[in-house]
> 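Sharing a structure with you now.
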Amino acid sequence: MPNKADVKAWKAQLVDQAEQQILKLTDSDQFKKYLNTLAKFHRYSARNIDLIYAQNPQATQVAGFKQWQKAFNRTVNRGAKAIRIAAPIIKKLTPAEQKHLDTTDERAIVGYRYLPVFDVAQTSGEPVLSAKDFVKENLADHQNVTSLYNAFKDYLNQQTDLKVSEVPLATLNGAKGYFQPSTNEIVIGGDEPDNALKLKTLYHEYAHSQLHGLKSAFKDRPRAYQETQAEAVAYVAMQNIGVDTSNYSLGYVATWAKDKAVIHSALSEIQQVSNKVIELSDGLTKQLGLQEAQKEPEHDLKKQSAQALNKSYQGLQQQVQQTTNSQQKAQFKNQLHEIHEEISKRTQKQLQAFAKKNPEIKQPDSEPDQSLKR
């Protein structure tokens with residue numbers, strides 16, 4: 001049984017390992033792996049993203065041993081090595097403790113414990129679907145990328161104090177776009193032929209507006225620092241919708257982030273804006289109908305096998321459990337209802353057919369005893 005000193009040393013080693021991995025990110029391939037991890041786990045704290053990356057850069061989705069069983073109907077493979085993440089220890093404060101801490105909060109974080117989780121690749125069982133599976137396929141069509149670009153541009157113009165406009169690329173001196181802090185304006189090269197690159201540029205300049213605007217705490221960062229952050233956010237946002245811009249983005253980042261200190265200092269701020277951009281994009285792709293599971297028309301449902309229907313039903317159940325967006329949850333529930341109706345119809349037909357073949361089996365009364373009703 002390890003003593004307290006051993007446990008403390010082990011925890012420190014975990015964090016130090018994460019720090020060392022980040023400091024190695026001057027290599028663009030390593031940086032790409034880190035940003036990919038960031039895109040996959042944008043809801044995690046920066047500390048846990050670092051820990052996941054340090055222990056398993058290929059991780060795509062993690063959950064605890066029991067959560068894999070109960071929520072996803074999957075089991076952790078024998079011999080799988082756990083990934084450790086930090087979980088806060090929250091304690092209810094006594095009046096004396098509140099006074100000592102000078103707070104009115106009833107609860108406070110008093111420490112952290114390291115919990116074991118496992119990546120989906122370390123498990124076996126039912127398939128795990130995610131909204132990104134559907135987005136990736138749909139956004140492979142550049143027409144849909146253009147739709148998302150226009151929706152994001154309209155959102156910024158109509159719902160924020162930013163102004164987004166387009167000008168010919170020839171007027172931008174080789175740039176794809178820029179952010180002007182003094183006017184809070186984003187300008188994009190409107191005739192850029194690559195629609196994915198055009199959307200990525202809008203993400204890049206939006207990141208500048210959030211991180212380096214006049215009111216931002218980070219507005220005075222060096223140019224290399226700012227460009228590293230903005231392009232990293234753009235790359236993460238594009239990865240989230242399933243479009244890989246690494247050939248462009250990672251070369252761009254490598255040009256600016258030549259100093260380890262630049263990357264190390266920039267990472268926590270990258271996550272803050274990446275979270276915001278991903279949430280905005282997820283909402284817009286949902287509104288455009290690009291982030292929902294493809295609904296099967298009723299006649300298509302009738303053609304599906306019972307096994308296929310059951311798999312679709314289980315996958316949608318997982319989506320309902322995982323999503324935190326109320327509208328998206330409602331859409332998945334509607335699809336669940338349609339599949340449930342089809343399964344029920346088939347079951348009723350099977351029961352009726354069975355009853356006809358076995359008339360000797362007594363059928364229940366069509367109207368149950370009134371005394372059983374409540």
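Everything quoted here is computed from the prediction, not taken from an experiment. All values below were derived from every heavy atom in this structure, side-chain atoms included, with hydrogens, water molecules and symmetry-related copies excluded.
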> In terms of hydrophobic clusters joined by side-chain contacts under 4.5 Å, are Phe72 and Phe65 together?
yes
> Looking only at side chains, do Ser165 and Glu185 share a donor and an acceptor under 3.5 Å apart?
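Yes, side-chain donor-acceptor contact under 3.5 Å.
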> If the condition is salt bridge (Lys or Arg N to Asp or Glu O under 4.0 Å), which residues does Lys91 pass it with, not counting sequence neighbours?
Glu97
> Is there side-chain contact between Asn157 and Lys163, with heavy atoms separated by less than 4.5 Å?
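Touching, per the 4.5 Å side-chain cut-off.
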> Looking only at atom types and distance, does a side-chain atom of Arg74 sit under 3.5 Å from a main-chain N or O of Trp68, one as donor and one as acceptor?
no
> Do the side-chain N and O atoms of His208 and Gln229 include a donor-acceptor pair separated by under 3.5 angstrom?
no
> Measure the shortest side-chain to side-chain distance between Lys176 and Lys200 over non-hydrogen atoms and say whether it is less than 4.5 angstrom.
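Answer no - side chains too far apart.
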> Are Glu106 and Lys92 close enough for a salt bridge, meaning some N to O gap below 4.0 Å?
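Salt bridge absent between Glu106 and Lys92.
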> In this structure, would Val164 and Leu211 fall into the same cluster of hydrophobic residues linked by side-chain contacts under 4.5 Å?
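Looking at the clustering, Leu211 is in the same group as Val164.
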> Is the number of heavy atoms from other residues, nucleotides or ligands under 6.0 Å of Gln158 CD greater than 12?
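Atom CD in Gln158 is crowded, with more than 12 foreign heavy atoms closer than 6.0 Å.
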> Here's one to test your reading of the geometry: is the NZ or CZ of Arg47 within 45 degrees of the ring axis of Tyr112 and under 6.0 Å from its centre?
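Yes - Arg47 lies over the ring of Tyr112, closer than 6.0 Å to its centre and within 45° of its axis.
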> Are a donor atom and an acceptor atom from the side chains of Asp119 and Gln61 found within less than 3.5 Å of each other?
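Their side chains do not contain a donor-acceptor pair, so the 3.5 Å distance test is not met.
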> With Tyr206, which residues qualify under ring pair (Phe, Tyr, Trp, His ring centres under 6.0 Å), at least two apart?
Phe152
> Say whether Tyr155 and Ile278 are linked into one hydrophobic cluster, either directly or through other cluster members, by side-chain heavy-atom distances under 4.5 angstrom.
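Cluster IDs for Tyr155 and Ile278 match.
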